[in-house]
Amino acid sequence: MEPMSGPYLIRGSVSLPEAELTWRFSRSSGPGGQHVNTSDSRAELRFDLAATSALPEVWKRRALERLADRLVDGGVLVVRAGEHRSQWRNRETAAVRMAALLAEATAPPPPPRRAKKVPRGINERRLRQKKQRGDLKRGRTGRGWD
């Protein structure tokens, strides 16, 4: 078996901990013809997010909160890949997906949006356009065409 092309970076110098990943393989639907019926090419990658020590505590809390609807068995994140014919490529795809998911889930929240006053010119232009549109529509009624 070829080595995985890891480590899969989540963000900064933090990467997916190979020791904490659990792989399962099963028969995949999709391309492959008769080969599909005999080989376990679909890859399922499991990562116990709740019990990991590889992520900083802040990131872990953030990820558990954001991925709550995707977690199974009390904090396990599961990613499946079965679109390729080879198990190795499906493993790659699953690992990359897992890293991307964790990167997104552990990202710091965006800065709060500051409300700004709408410039007077913009408001006036909007009202002028509304008035023109109303006049145009009123002109279609056919009143006074006797």
Side-chain angles (χ1 to χ4, degrees), residues 1-33 35-141:
M1 164 143 326
E2 299 173 49
M4 297 288 288
S5 63
Y8 294 96
L9 287 180
I10 295 173
R11 215 174 47 256
S13 61
V14 180
S15 59
L16 273 181
E18 295 277 338
E20 295 182 26
L21 299 177
T22 312
W23 290 99
R24 279 179 51 196
F25 303 100
S26 58
R27 295 211 176 120
S28 175
S29 61
H35 171 73
V36 163
N37 304 329
T38 60
S39 63
D40 292 344
S41 59
R42 180 182 16 207
E44 179 181 286
L45 179 58
R46 299 170 81 82
F47 175 59
D48 194 345
L49 189 56
T52 188
S53 57
L55 297 178
E57 201 53 45
V58 183
W59 287 19
K60 191 165 133 178
R61 240 190 341 270
R62 217 181 275 157
L64 283 168
E65 194 177 298
R66 289 181 182 168
L67 296 171
D69 55 337
R70 282 200 61 153
L71 299 176
V72 295
D73 303 334
V76 178
L77 182 61
V78 180
V79 173
R80 289 179 192 89
E83 55 270 12
H84 300 295
R85 286 180 68 157
S86 84
Q87 187 189 94
W88 188 78
R89 282 182 66 193
N90 283 329
R91 284 174 64 122
E92 285 282 308
T93 305
V96 167
R97 243 183 241 163
M98 175 80 72
L101 206 58
L102 287 171
E104 197 176 312
T106 58
R113 184 179 178 279
R114 282 190 231 106
K116 293 191 176 109
K117 189 169 169 269
V118 177
R120 197 172 78 217
I122 287 178
N123 232 347
E124 286 173 357
R125 184 173 63 209
R126 181 180 62 84
L127 293 173
R128 202 169 42 249
Q129 285 173 342
K130 277 170 68 88
K131 184 94 179 95
Q132 284 174 349
R133 188 82 181 142
D135 291 345
L136 177 75
K137 289 184 172 189
R138 206 170 303 111
R140 290 183 190 151
T141 57

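As the structure is a prediction and not an experimental result, all values here were calculated from the model.
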Chi angles and distances behind the salt bridge (Lys or Arg N to Asp or Glu O under 4.0 Å) call for Glu104, Arg70: CA-CA 14 Å; Glu104 197 176 312; Arg70 282 200 61 153; over 6 Å; no
Audit row: Ile10, Leu55, side-chain contact (heavy atoms from CB on, under 4.5 Å) steps and yes/no: CA-CA 10 Å; Ile10 295 173; Leu55 297 178; 3.8 Å; yes
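Taking both residues in full, the closest heavy atoms of Leu16 and Ala99 are given as CD1-N, 4.1 Å, listed atom of the first, atom of the second, then distance. Taking every heavy atom of both residues into account, Trp23 and Ala94 meet most closely at CZ3-CB, 4.1 Å. Residues Gly75 and Asp48 share a closest heavy-atom pair of O-OD1, 3.3 Å.
Not one N or O on the side chain of Arg27 forms a donor-acceptor pair closer than 3.5 Å with the backbone of Asp40. Within the 3.5 Å criterion, the main-chain N or O of Ala105 finds a donor-acceptor partner in the side chain of Arg66. The backbone N or O of Ser41 sits less than 3.5 Å from a side-chain atom of Asn90, completing a donor-acceptor pair.
Taken from CZ in Arg89 to CD in Glu83, the straight-line distance is 9.0 Å, to the nearest 0.5 Å. The CD atom of Gln87 lies 8.0 Å from the OG atom of Ser39; values are rounded to the nearest 0.5 Å.
Among Arg133, Arg138, Lys137, the single residue meeting the side chain to side chain donor-acceptor pair (under 3.5 Å) criterion with Asp135 is Arg138. With Met98 as reference, Leu102 is the one residue of Val96, Leu101, Leu102 to meet the side chain to side chain contact (heavy atoms under 4.5 Å, CB included) rule.
At least one side-chain heavy atom of Pro17 sits less than 4.5 Å from a side-chain heavy atom of Phe47. In this structure the side chain of Glu92 reaches within 4.5 angstrom of the side chain of Tyr8, judged on heavy atoms.
Residue pairs meeting the side chain to side chain donor-acceptor pair (under 3.5 Å) criterion with at least one member in residues 119-130, sequence neighbours excluded: Arg120-Glu124, Asn123-Arg126. The stretch residues 52-64 participates, sequence neighbours left out, in these side chain to side chain donor-acceptor pair (under 3.5 Å) pairs: Glu20-Thr52.
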